[in-house]
Amino acid sequence: MTDNIQGKVVVITGASSGNGEATARHLAERGAIVVLGARRKERIEKLAADLTAAGHKAMAIETDVTDREQVSRLVDTAVESFGRIDVLLNNAGLMPLAPMERRKVDEWDTMIDVNLKGTLYGIAAALPHMQAKKSGHIINVSSVYGHKLGPDATVYCATKFGVRALSEGLRQEMTPYNIRTTVISPGAVATELLDRIGEQDIREQTQDFVSKIAIPAESFARMVAFAVNEPEDVDVNEILFRPTAQPI
Ligand code: NDP
């Protein structure tokens, strides 16, 4: 079977933990060159060093996706170092759940800045390179909560519904440029996502529910690999997956 992962330059935001880290490992093991972005510099540097020591190709670049210049630098450095960007995985995200009536306005701002604007900054940084080559693949991360509303998740859902909307719009606009667009919507995956829920009662009740059913981050990595590995004339537009045990 043809391998369309080997040798691809893949830029991953939010590569310091969870889904991003697992995807970096999985794709590097399958021969991709991975360029890792996140704010926790030590984490991505250690991951890049581990992958390099294992004979893979990896580079770490400290990146805060709320800073447009830093996102451009992440993508541009990947292109300068390896000649191109084949895949951008817009994965950085956070989910500080809380009921609207608690008015956690700073958290609303952060979710919009990271989940939505961070994704847009990634797209803006990657498009010129991909359009020039008439080749590329942008993978955005939504959620089951990008398909349906959940308790205490109104603003998070708004950002993840938004990611699906912009992914489909991007897909339609990019067909003349041969650029593929995929949106991946996971259910409960065991990562550090819930640790950043600021409201203790919500964090504990969500952890209680999720810990019983969550599947490993490698499941997400395999979904990414599936989309990337398809031949260039096949665009896997949407992947929605959940733990088999997740009822909602
Ligand atoms: P983690 O908390 O383990 O990972 C989140 C990643 O996002 C970290 O690497 C973090 O890096 C990064 N991040 C957060 N803020 C920023 C920022 N400002 N700039 C750059 N990076 C940032 O959670 P997951 O792996 O679960 O989350 C990955 C994606 O998966 C998110 O988009 C999330 O919404 C989505 N998702 C996850 C689900 C799950 O059940 N786990 C379900 C549905 C969707 P750092 O802090 O070092 O910057």
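Scope of the values below: all heavy atoms of this structure, side chains included, with no hydrogens, waters or symmetry mates. Read the numbers this way: they start at 1 and go in the same order the structure lists the ligands and their atoms.
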State plainly whether the residues [X] and [Y] are in salt-bridge range, i.e. N to O under 4.0 Å.
X: Glu21; Y: Arg40; value: no
X: Arg73; Y: Glu69; value: no
X: Glu232; Y: Lys8; value: yes

So, 4.0 Å and heavy atoms of [X]: is ligand 1 close enough to count as a contact?
X: Ser142; answer: yes
X: Thr13; answer: no
X: Gly187; answer: yes
X: Tyr156; answer: yes

Could you check [atom] against the protein and tell me its nearest heavy-atom contact, residue, atom and distance included?
atom: atom 26 (O) of ligand 1; result: Thr191 OG1, 2.6 Å
atom: atom 9 (O) of ligand 1; result: Ser16 OG, 2.8 Å
atom: atom 5 (C) of ligand 1; result: Gly93 O, 3.6 Å
atom: atom 27 (O) of ligand 1; result: Leu193 CD1, 3.9 Å
atom: atom 17 (C) of ligand 1; result: Arg39 NE, 3.5 Å
atom: atom 35 (C) of ligand 1; result: Val141 CG1, 3.6 Å
atom: atom 30 (O) of ligand 1; result: Asn19 ND2, 3.2 Å
atom: atom 18 (N) of ligand 1; result: Asp64 OD1, 2.9 Å

Contact summary for [X] and [Y], nearest pair of heavy atoms:
X: Ala24; Y: Val34; answer: O-CG1, 3.8 Å
X: Ala214; Y: Ala190; answer: CB-N, 3.6 Å
X: Pro231; Y: Arg180; answer: O-NH1, 3.1 Å
X: Val10; Y: Leu27; answer: CG1-CD1, 3.8 Å
X: Ile85; Y: Ala126; answer: CD1-CB, 4.3 Å
X: Gly118; Y: Asn90; answer: O-OD1, 4.1 Å

(message) Are more than 12 heavy atoms, taken from residues, nucleotides or ligands other than Arg84, located less than 6.0 Å from that residue's CZ atom?
(response) yes
(message) Can you tell me if Phe241 has over 12 outside heavy atoms packed within less than 6.0 Å of its CZ?
(response) yes
Give the atoms of ligand 1, by number and element, whose distance to some non-hydrogen atom of [X] is under 4.0 Å.
X: Ala188; answer: 40 (O)
X: Val114; answer: 15 (N), 18 (N)
X: Thr63; answer: 19 (N), 20 (C)

What do you reckon, does [X] have a nitrogen or oxygen under 3.5 Å from a nitrogen or oxygen of ligand 1?
X: Arg40; value: yes
X: Gly14; value: yes
X: Val144; value: no

Would you mind finding which of [options] brings a heavy atom closest to [atom]?
atom: atom 31 (C) of ligand 1; options: Leu194, Val71, Asn91; value: Asn91
atom: atom 22 (C) of ligand 1; options: Gly37, Ala92, Ala22; value: Ala92
atom: atom 40 (O) of ligand 1; options: Val189, Asn140, Ile213; value: Val189
atom: atom 4 (O) of ligand 1; options: Gly18, Ser17, Ala15; value: Ser17
atom: atom 10 (C) of ligand 1; options: Glu192, Arg196, Glu21; value: Arg196

(message) Consider side chain to side chain contact (heavy atoms under 4.5 Å, CB included). Of Glu168, Arg171, Arg164, which one does Val183 pass it with?
(response) Arg164
(request) Please answer: with hydrophobic residues joined when any side-chain heavy atoms are less than 4.5 Å apart, are Tyr145 and Ile197 in the same cluster? (result) yes
(message) Just to be sure I read this right, does ligand 1 sit under 4.0 Å from the backbone of Lys160, its side chain, both, or neither, counting only heavy atoms?
(response) side chain
(message) Does any part of the side chain of Asn115, heavy atoms only, come nearer than 4.5 Å to the side chain of Lys160, both counted from C-beta?
(response) yes
